[in-house]
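Worksheet: the structure to be examined is printed underneath.
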Amino acid sequence: MAKQLQPVKGTRDLYGSEGRAQRHVVDTADAVSRAYAYDRMETPIFEQVEVFNRPLGESSDVVTKEMFDFQTKGGDHVVLRPENTAGVVRSVISNGLTHDLPGRYFYAGPMFRYERPQAGRYRQFTQIGVELIGPEQPSADVDVIACGWQILAELGLTDHITVHLNTLGDTESRNAYRTELVAYFSDHRNRLSEDSLARLEKNPLRILDSKDEGDRALLPAAPKFVEHLNVLSQDHYGMVKTGLDNLGLPYRHDDTLVRGFDYYCHTAFEFITEQLGAQGTVLGGGRYDGLSKLLGGPQMAGVGWAAGVDRLAMLLGEAPGEPAPVAVVPLGEQAEVVAQKLVFELRARGVRVDMNYSGNMKKRLTRANKVGARQTVILGEDELNAGIALVRDMDGGEQREVPLARLIEELSA
RNA sequence: GCGAUUGUAGCUCAGUUGGUUAGAGCACCGGUUUGUGGUACCGGGGGUCGUGGGUUCGAACCCCAUCAGUCGCCCCA
């Protein structure tokens with residue numbers, strides 16, 4: 001085995017059924033997002049570092065250790081995008097789309113994070129996502145969540161997925177809560193895990209979703225975010241929930257749901273499955289009203305989510321396959337010429353056609369069988385002289401003669 | 001970045017307490033059928049046992065290192 005020709009760690013090749021499953025996820029998301037009147041936005045896969053390091057938080061892991069960054073020959077410090085919300089907002093600012101709000105954007109493409117690969121986590125992975133930029137209203141949050149739900153519904157995945165919902169409040173509420181939380185955990189400092197001691201300094205909210213048993217034992221008595229929301233934040237959260245109720249979308253309030261990036265506020269949500277082990281979050285997002293200003297743009301509200309295509313594809317099982325093709329088997333030079341024209345015309349009509357360019361009849365029929373052909377057209381000298389072709393049904397093996405003139409019509413059906 | 005675990009043919013795996021030319025199934029190629037696939041029978045190609053060191057008369061098997069996969073932690077989709 002030629003080990004020296006393996007793909008780079010954490011990357012992989014996608015083809016066959018796995019590739020089809022991923023494409024199906026993206027295609028479905030694309031179709032649903034159009035119904036929701038989102039426009040596709042393609043931003044570059046790399047950006048200046050500034051686009052990410054401030055919005056995501058200088059101390060966040062993504063910035064401190066997970067960015068694929070490098071110097072260009074011109075001396076720019078650029079980074080392969082680890083996520084796309086900051087990129088989309090940057091684009092809105094760069095292109096003056098701030099004057100054309102609300103902006104509704106859908107994207108799909110590769111993201112990069114330099115971290116330890118494991119199931120459902122790669123260094124290059126594909127995300128789809130939606131950003132609704134401009135409106136501050138809670139209905140926008142509902143819009144975006146509904147879109148995510150609908151995509152998963154059309155993929156047939158909603159049975160195994162729970163929507164977790166929480167609020168991070170506005171800046172005032174969050175600061176007040178953070179102060180209380182730090183006070184509480186500082187009192188119990190000796191019972192905190194090592195990881196959480198670090199979080200206490202960097203990102204105390206993160207202690208809430210710690211997986212450490214000792215940490216979790218402290219949570220029931222910890223101050224609750226919902227009890228520290230100011231009126232504005234309470235109203236916002238309340239209206240998001242009423243909005244989801246109105247659409248009949250199920251969700252579960254989750255006190256421990258926290259988002260990693262600094263730009264989030266108010267609504268936070270994650271769609272979680274039990275079926276993927278530790279990588280159970282399949283879609284996650286929230287509101288990010290402060291992001292634009294962090295990028296040096298105007299005050300501009302926004303809400304959105306991103307979903308991992310790799311993870312969704314894994315849940316899919318079997319993706320819908322391609323339709324069975326028609327195979328064409330010519331024998332002899334003359335027949336080859338006629339066959340190639342025939343194949344050309346069938347394909348122009350959208351019929352999936354496979355043809356081999358070498359081999360005897362046996363070999364070509366074997367090939368036809370392997371590609372799962374439903375019918376095989378056999379065209380030799382004898383048939384050519386008689387002005388017909390043999391159409392062989394690959395399931396039963398029956399063959400019938402079809403006049404060349406009628407062939408296209410017969411096979412297009 | 002940390003911890004655990006695995007690494008034998010394209011794929012899934014055997015390989016007994018270290019002992020002669022490392023096996024099977026599937027896949028692939030050829031033949032039985034030089035104009036008929038999918039079933040059957042016969043035959044064939046393909047492996048520096050992840051890599052590099054070491055121990056030994058002898059290593060796929062024991063030791064060390066390294067790389068890669070998998071699972072978990074951190075973090076996140």
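Nothing here was measured: the structure is a model prediction, and the numbers come from that model. Side chains are part of it too, since the values below use all heavy atoms of this structure and drop only hydrogens, waters and symmetry mates. Letters go in sequence order (proteins before strands), and every chain restarts at 1.
For A77(B), the base has a donor-acceptor partner in the side chain of R113(A) [N/O atoms by modelled type, under 3.5 angstrom]. In the interface, the side chain of R121(A) is not paired with the base of C71(B) through any donor and acceptor atom under 3.5 Å apart. Between the side chain of Q399(A) and the base of G35(B), no donor-acceptor pair under 3.5 Å is found.
Ion pairing of R199(A) with D209(A) is absent here, as no side-chain N (NZ or NE/NH1/NH2) approaches a carboxylate O to less than 4.0 Å.
The salt bridge (charged side-chain N to carboxylate O under 4.0 Å, His left out) pairs that include a residue from residues 117-134 of chain A are E115(A)-R121(A), where partners are two or more places apart or lie in different chains.
Taking atom C1' on both G58(B) and U17(B), the two are 15 Å apart, rounded to the nearest angstrom. Nucleotides G47(B) and C42(B), compared at atom C1', are 25 Å apart to the nearest Å.
For the strand RNA chain B, secondary-structure stems (runs of at least three Watson-Crick or G-U pairs, all distances below 3.5 Å) span B:1-7 with B:67-73, B:10-13 with B:23-26, B:28-32 with B:40-44, B:50-54 with B:62-66.
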Per-nt protein contacts along nucleotides 38-45 of chain B (heavy atom under 4.0 Å; B base, S backbone sugar-phosphate only, - none) come out as B-------
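Judged by distance alone, the side chains of H253(A) and D255(A) do bring a donor and an acceptor atom under 3.5 Å apart.
Checked against C28(B), A77(B), C75(B), the side chain of K370(A) finds its nearest nucleotide in C28(B).
Ring geometry for Y177(A) against H228(A) counts as tilted: the plane angle lies between 30° and 60°, on a 0 to 90° scale.
Here U70(B) presents its P atom at 10 Å from CE of M314(A), a figure rounded to the nearest Å.
A ring-centre distance under 6.0 Å is not found for F271(A) and H160(A).
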